[in-house]
Amino acid sequence: MVDSGKLRQLQLYERDLLRETVRICEELGLTYYLTGGTLLGAVRHGGFIPWDDDIDIAMPREDYERLFREGASRFPAYMRLRDFRNDESFCRYYAHVEDLRVKVTLHSAQNQRTQHAWIDVYPLDTLPGGWLRSRLAFCALLPRRLLYHYSCFSDYVNLHRPDRPFYQQALIWFGHVTGIGRRLDTRKQLLKIHHALTKPRKKPGRYLVNFMGLYLFREIYPREIYGDGARYPFEGAAYLGPADGDAFLRQMYGDYMSPPPEDHKTIHIIREIRVDERIGEK
């Protein structure tokens, strides 16, 4: 396990990734929101949750796509914006903004992997209809999400995530025992998810979803929860998050102001952090 000093070093690099990403979003007039543990950290700690090791933001689909079209070239040379469409080796549905100077070795899944320091950028997609129809549509998409996770099971499914419900533990056991993912192509699964989430709709529904978020149905929110956003303090600056941050966090975490027990605090198992400041220099 990485020590607290190294974790803080990683957090500070990620803080700078966030600052650059937000700078570009603001230059282009794009909407973004702090989300997940990053929003929780902003509200409860004024910055990172002390044991957290990444940053999460979400963007409405149209702004997410514009970030790729118009913003990718605006990042400094030591940074890059990636998703599975502009990099065939990338196996996530949501995007990463990465710091090419910093490499992090993780051992949360079956296989150890090394990747660059990152922040997650999630697209927010529209679900059709009202409360019931939106959840039925989400249910219809869940088999695609499951097949995707099986397709990259050995490298990306976090086997150490605490407090998983029983059904998720059973699905992980099944994937581990059967090796079903070896018969699935990750890129094909990602393309199927993308097609399903982005197909044209006659009129926008009331609900937005972060489809690949950890919390499944708790990631479905009325548009007005996000709204035009509100400012939250995070690591010495203020960033946009959902307009109703309290409702957002209560839905996702329940009693969000009470820290979890010690055995629920680790998300990723970090083995090593290496830094090469020369990357990206001219």
Side-chain angles (χ1 to χ4, degrees), residues 7-72 74-76 78-83 92 94-99 102 116-125 208-210 212-215 218-219 221-253 256-257 259 267-268:
L7 175 59
R8 183 58 182 163
Q9 182 186 27
L10 176 62
Q11 290 175 344
L12 293 176
Y13 278 108
E14 292 168 346
R15 177 201 63 186
D16 293 342
L17 287 171
L18 176 64
R19 286 179 176 175
E20 285 296 321
T21 303
V22 167
R23 176 186 64 80
I24 292 166
C25 286
E26 291 177 344
E27 285 178 358
L28 296 173
L30 305 180
T31 298
Y32 71 91
Y33 305 97
L34 302 184
T35 189
T38 304
L39 179 64
L40 176 58
V43 171
R44 197 168 70 196
H45 304 276
F48 280 96
I49 297 172
W51 54 90
D52 201 3
D53 56 20
D54 67 354
I55 287 176
D56 303 313
I57 66 172
M59 303 180 70
R61 171 62 70 173
E62 57 270 24
D63 296 281
Y64 180 89
E65 298 296 348
R66 277 191 61 207
L67 180 64
F68 274 89
R69 290 196 308 270
E70 303 173 31
R74 296 176 180 240
F75 284 95
Y78 62 88
M79 293 170 58
R80 67 177 171 184
L81 175 67
R82 300 172 78 200
D83 81 348
R92 299 289 196 187
Y94 49 88
H96 276 182
V97 177
E98 298 178 341
D99 189 325
V102 185
H116 295 287
W118 77 99
I119 67 172
D120 295 327
V121 184
Y122 293 94
L124 295 173
D125 288 297
L208 296 174
V209 64
N210 171 12
M212 298 306 292
L214 287 176
Y215 296 100
R218 283 182 279 165
E219 302 270 2
Y221 289 95
R223 290 177 180 273
E224 57 266 26
I225 293 289
Y226 285 103
D228 293 329
R231 293 277 174 179
Y232 299 86
F234 187 85
E235 297 292 334
Y239 300 105
L240 285 177
D244 192 342
D246 176 66
F248 184 96
L249 291 170
R250 280 190 288 107
Q251 176 171 309
M252 187 169 284
Y253 298 109
Y256 62 87
M257 292 304 289
I267 298 177
H268 301 109

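Note: hydrogens, waters and symmetry copies are ignored here, and every other heavy atom, side chains too, is used.
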A.B. asks: Cut-off 3.5 Å, no hydrogens considered: what does the side-chain donor-acceptor table look like for residues 240-249, sequence neighbours left out?
C.D. replies:
residue : atom : partner : partner atom : Å
D244    : OD1  : A247    : N            : 3.0
D246    : OD1  : Y256    : OH           : 2.6
D246    : OD2  : R250    : NE           : 2.8
D246    : OD2  : R250    : NH2          : 3.1

A.B. asks: Hey, could you give me the CG/CD1 distance between L39 and I49, rounded to the nearest 0.5 Å?
C.D. replies: 9.5 Å
A.B. asks: How many angstroms lie between atom CG of L67 and atom OG1 of T31, to the nearest 0.5 angstrom?
C.D. replies: 12.0 Å
A.B. asks: For Y253, check side-chain hydrogen bond (donor to acceptor under 3.5 Å, both in side chains) against everything at least two apart and list the hits.
C.D. replies: none
A.B. asks: Using the rule side-chain contact (heavy atoms from CB on, under 4.5 Å), only one of Y13, Y78, W118 pairs with V102; which is it?
C.D. replies: Y13
A.B. asks: Quick check against the 3.5 Å criterion: does E14 have a side-chain atom that pairs as donor or acceptor with the backbone of A117?
C.D. replies: no
A.B. asks: State which residues pass side-chain hydrogen bond (donor to acceptor under 3.5 Å, both in side chains) with R61; sequence neighbours excluded, sorted by chain then number.
C.D. replies: E65, Y93, D125
A.B. asks: Any pair with a residue in residues 225-243 that passes side-chain hydrogen bond (donor to acceptor under 3.5 Å, both in side chains), sequence neighbours left out, goes on the list, sorted by first then second residue, please.
C.D. replies: R8-E235
A.B. asks: With sequence neighbours excluded, what pairs up with R82 under the salt bridge (Lys or Arg N to Asp or Glu O under 4.0 Å) test?
C.D. replies: D87, E98
A.B. asks: If the condition is side-chain contact (heavy atoms from CB on, under 4.5 Å), which residues does L28 pass it with, not counting sequence neighbours?
C.D. replies: I24, L30, R66, E70, R74
A.B. asks: Can you name the residues that form a side-chain hydrogen bond (donor to acceptor under 3.5 Å, both in side chains) with D16, not counting sequence neighbours?
C.D. replies: none
A.B. asks: Return the CD to CG distance between E20 and L81, rounded to the nearest 0.5 Å.
C.D. replies: 13.0 Å
A.B. asks: Among residues at least two apart in sequence or on other chains, which ones pass ring-ring contact (aromatic ring centres under 6.0 Å, His included) with F75?
C.D. replies: none
A.B. asks: Flag the pair L17 / I55 as yes when at least one side-chain heavy-atom distance between them is below 4.5 Å, and no otherwise.
C.D. replies: no
A.B. asks: My understanding is that only residues two or more places apart in sequence, or in another chain, count here; which of them pass side-chain hydrogen bond (donor to acceptor under 3.5 Å, both in side chains) with D63?
C.D. replies: none
A.B. asks: Is M252 close to Y221 at the side-chain level, that is, under 4.5 Å between some pair of heavy atoms?
C.D. replies: yes
A.B. asks: Partners of D56 by side-chain contact (heavy atoms from CB on, under 4.5 Å), sequence neighbours excluded?
C.D. replies: T35, T38, D54, D120, Y122
A.B. asks: Indicate the atoms forming the closest heavy-atom contact of Y32 with C25, along with that distance.
C.D. replies: CD2-CB, 4.1 Å
A.B. asks: Could you tell me the separation between the CZ atom of R44 and the CE atom of M257, rounded to the nearest 0.5 Å?
C.D. replies: 7.0 Å
A.B. asks: Measuring from atom CG of N210 to atom OH of Y94, what distance do you get when rounded to the nearest 0.5 angstrom?
C.D. replies: 9.0 Å
A.B. asks: Give the minimum heavy-atom separation between A95 and F68, together with the two atoms involved.
C.D. replies: CB-CZ, 3.6 Å
A.B. asks: Residues in side-chain contact (heavy atoms from CB on, under 4.5 Å) with P222, at least two apart?
C.D. replies: R206, Y207, E224, I225
A.B. asks: Using a 4.5 Å cut-off on heavy atoms from C-beta on, say whether the side chain of L7 contacts that of F48.
C.D. replies: no
A.B. asks: Return the minimal non-hydrogen interatomic distance between L18 and F234, and the atom names on each side.
C.D. replies: CD2-CD2, 3.8 Å
A.B. asks: Looking only at heavy atoms, which two atoms of P50 and Q11 are closest? And how far apart?
C.D. replies: O-NE2, 3.5 Å
